[in-house]
Amino acid sequence: MDIYLYNSLTNKIEKFVPLKENELKIYVCGPTVYNDPHIGNMRPVVFFDTLNRFFSYVGYDVKFVSNYTDVDDKIINKALQEGVDEKVISERYIARYKDCLDKLNVRRAYQNPRVTEYMDKIVSYIDGLVAKNNAYVVDNEVFFDVKSVKDYGCLSNTKLDELKAGARIESNDKKKCPFDFLLWKKTDVGVKWDTKWCLGRPGWHTECCVMIDSIFNGMIDIHGGGSDLKFPHHENEIAQAMAMHNNHIANYWLHNAMMNINGDKMSKSLGNVILAKDAIELYGADTLRLFLINAPYRSIINLTDKAIQDTKSILNKVDNCYKQLNLVLNMNDKYAYVKSKFMDKFLEYLSNDMNIANGVTYLLDIIKASNQSLRAKELDYDLLNEYFSTINDICSILGLHYSVKRFSKEEKTMYNEYIEAKSNKDFEKSDILRKQLIELNII
């Protein structure tokens, strides 16, 4: 099937053509691990996980990589505050990040590289940029010369002479141009590596270039991340790749938009930052995940009580129908997974630049049709299996926690006893059995 994605590099929707047939190489910028992730950090996580699941479902062999930035000023400052080694900080927050991912049902990546594991290669890469005259050394620090590449600004669609110094650009009198960026910095504080330039550590923008080169050994299909990374981080990645390999790293660049809380940008100054672990506990993992993906990924989403309640309402409809289908098919020994024709429409929506919102609306249409079929005088088990398989496959692509429960002989007996007790108005027995059946996720 043809898949279309909005390419941030060209600012248009393009037909996806893989570098190699039926294979997908994707890299998504991961967290700097100095603190617990907040709810906004989870939007790219669950969106690109859904993209991964979709491509896998339609037959692609997906190699999905997302890194951990485990050396950074923020990590070092935290370590100094606590009087511990930087690794203690990074390991702590990697573990907490992974815990959030597991709860949100995010698939494990092909690799999760850490910057500290690639330091020799990062130094070698920077040395190569100097050798090519795309970087220069001043006072034993190394800077990238943005004027040395012809199309700097191609991703952010801004010309160099129009860029305003100051916006996420670190001022430094050593630079030839205000937009040159640090590749290797001199430091006396925190973890450092000895190089021919100085004792120091790398700047932020080189790590992903090196890890992509090392893991994929060439260009990749998709590079992704939040829209806040487009400039300067991703722009500077492309600049280095153009200098080193004369390419843009990836054929397709995908960026998800940010999120607001009750109409306001989430920020520490407003005191409205919600940690991901707290949101998962408060709303439920499936509710948070569905809320984060059930909107155009290139548009800002707004977290409100109503949005959460609307999401819970959707999940309740899915849950009720799912359990009823599972119950009817199991109790009648009719369950059989089928590759349902009803999936085609859902896949069409996702193939159109990941239109998940329309896909969720279609899921509710399938739920409605399933409920109507369940109320029929004579049950069409083939049709019910098609609906059930469709719901299973859609929920799997969306990353929701649904899986077929096959009833044991004892569980079937328990359910029949429950129905009999209800019929006999033995409410005490039926209440006990009902509680047990709910705990077993049967009803």
Side-chain angles (χ1 to χ4, degrees), residues 1 50 53-54 57-58 105 284 286-287 289-291 293-295 306-352 354-407 411-412 414-423 430 433-435 437-443:
M1 67 183 301
T50 307
R53 288 167 174 271
F54 165 63
Y57 184 87
V58 298
N105 203 23
D286 278 357
T287 301
R289 180 174 178 120
L290 185 58
F291 164 72
I293 60 175
N294 189 22
K306 183 179 184 305
I308 291 298
Q309 291 307 315
D310 288 346
T311 305
K312 286 184 175 180
S313 176
I314 292 170
L315 288 171
N316 284 337
K317 290 176 183 177
V318 176
D319 192 61
N320 291 335
C321 180
Y322 191 94
K323 285 181 178 176
Q324 188 61 24
L325 283 167
N326 195 54
L327 178 67
V328 168
L329 292 170
N330 263 280
M331 291 305 297
N332 291 282
D333 296 318
K334 295 293 185 180
Y335 171 72
Y337 174 79
V338 294
K339 198 78 171 179
S340 172
K341 61 180 179 292
F342 296 127
M343 278 299 295
D344 292 348
K345 192 69 175 176
F346 178 80
L347 297 175
E348 276 182 35
Y349 286 127
L350 267 62
S351 67
N352 181 19
M354 293 299 289
N355 192 336
I356 298 171
N358 277 7
V360 171
T361 299
Y362 177 69
L363 171 61
L364 292 176
D365 291 340
I366 294 295
I367 296 294
K368 184 177 179 180
S370 301
N371 288 332
Q372 290 173 344
S373 294
L374 285 166
R375 291 192 292 268
K377 290 182 179 179
E378 290 190 19
L379 297 180
D380 183 339
Y381 293 110
D382 290 338
L383 181 60
L384 292 178
N385 265 310
E386 285 225 48
Y387 285 141
F388 194 43
S389 296
T390 301
I391 295 168
N392 266 299
D393 285 358
I394 290 176
C395 288
S396 176
I397 293 172
L398 296 178
L400 302 177
H401 288 87
Y402 287 92
S403 59
V404 178
K405 178 178 175 57
R406 304 304 300 270
F407 296 175
E411 288 171 336
K412 289 180 180 180
M414 185 187 298
Y415 180 76
N416 285 328
E417 288 176 354
Y418 164 66
I419 295 299
E420 184 179 359
K422 278 181 65 179
S423 178
S430 68
L433 290 169
R434 183 175 183 275
K435 184 179 179 181
L437 291 166
I438 289 172
E439 289 174 352
L440 290 168
N441 204 33
I442 291 175
I443 61 174

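Model, not experiment: these values are computed from the prediction. The basis for the numbers below is simple: all heavy atoms, side chains too, and nothing from hydrogens, waters or symmetry mates.
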Taking it one step at a time, do Y349 and I356 satisfy side chain to side chain contact (heavy atoms under 4.5 Å, CB included)? CA-CA 7 Å; Y349 286 127; I356 298 171; over 6 Å; no

Check whether the side chains of N392 and Y337 place a donor and an acceptor atom closer than 3.5 Å, and report yes or no. no

Chi angles and distances behind the side chain to side chain contact (heavy atoms under 4.5 Å, CB included) call for S396, R53: CA-CA 8 Å; S396 176; R53 288 167 174 271; 4.1 Å; yes

Distance in Å, [X] [atom1] paired with [Y] [atom2], rounded so as to fall on 0.5 Å steps:
{"X": "T287", "Y": "Q309", "atom1": "OG1", "atom2": "CD", "answer": "9.0 Å"}
{"X": "D319", "Y": "K312", "atom1": "CG", "atom2": "NZ", "answer": "13.0 Å"}
{"X": "K345", "Y": "E348", "atom1": "NZ", "atom2": "CD", "answer": "5.0 Å"}
{"X": "T50", "Y": "L400", "atom1": "OG1", "atom2": "CG", "answer": "8.5 Å"}
{"X": "F54", "Y": "F346", "atom1": "CZ", "atom2": "CZ", "answer": "8.5 Å"}
{"X": "E420", "Y": "L433", "atom1": "CD", "atom2": "CG", "answer": "10.0 Å"}

Heavy-atom closest pair, residues [X] and [Y]:
{"X": "I394", "Y": "M343", "answer": "CG1-SD, 3.6 Å"}
{"X": "E411", "Y": "R406", "answer": "OE1-O, 3.9 Å"}
{"X": "A336", "Y": "N385", "answer": "N-OD1, 3.0 Å"}
{"X": "L398", "Y": "I293", "answer": "O-CD1, 3.7 Å"}
{"X": "L384", "Y": "S373", "answer": "CD2-CB, 3.7 Å"}

With the side chain counted from C-beta on, respond yes when [X] and [Y] share a heavy-atom pair under 4.5 Å apart, and no when they do not.
{"X": "L363", "Y": "T390", "result": "no"}
{"X": "Y57", "Y": "L350", "result": "no"}
{"X": "L290", "Y": "N294", "result": "yes"}
{"X": "D380", "Y": "Y387", "result": "no"}
{"X": "N416", "Y": "M331", "result": "yes"}
{"X": "K317", "Y": "L364", "result": "yes"}
{"X": "M1", "Y": "L347", "result": "yes"}
{"X": "E439", "Y": "K435", "result": "yes"}

Please work out which of the three classes, parallel, tilted or perpendicular, describes the rings of F388 and Y335, given edges at 30° and 60°. perpendicular

Does any N or O in the side chain of S423 come within less than 3.5 Å of the main-chain N or O of I419, such that one atom is a donor and the other an acceptor? no

Any donor and acceptor pair, going by atom type alone, linking the side chain of D286 with main-chain N or O of H401 inside 3.5 Å? yes

Ring centre gap for Y402 and Y322 strictly below 6.0 Å: yes

Tell me if the centroids of the rings in F407 and Y415 come within less than 6.0 Å of each other. no

Flag the pair D333 and K412 as a salt bridge only when some basic side-chain nitrogen lies within less than 4.0 angstrom of an acidic carboxylate oxygen. yes

Is the count of non-hydrogen atoms from other residues, nucleotides or ligands lying under 6.0 Å from K422 atom NZ greater than 12? no

Not counting sequence neighbours, which residues clear salt bridge (charged side-chain N to carboxylate O under 4.0 Å, His left out) with K306? List them please. D310

Any chance you could lay out the side chain to side chain contact (heavy atoms under 4.5 Å, CB included) test for I391 and C321, step after step, and finish with the verdict? CA-CA 9 Å; I391 295 168; C321 180; 4.2 Å; yes

Side chain to side chain contact (heavy atoms under 4.5 Å, CB included) evaluation trace for I442 with K323: CA-CA 7 Å; I442 291 175; K323 285 181 178 176; over 6 Å; no

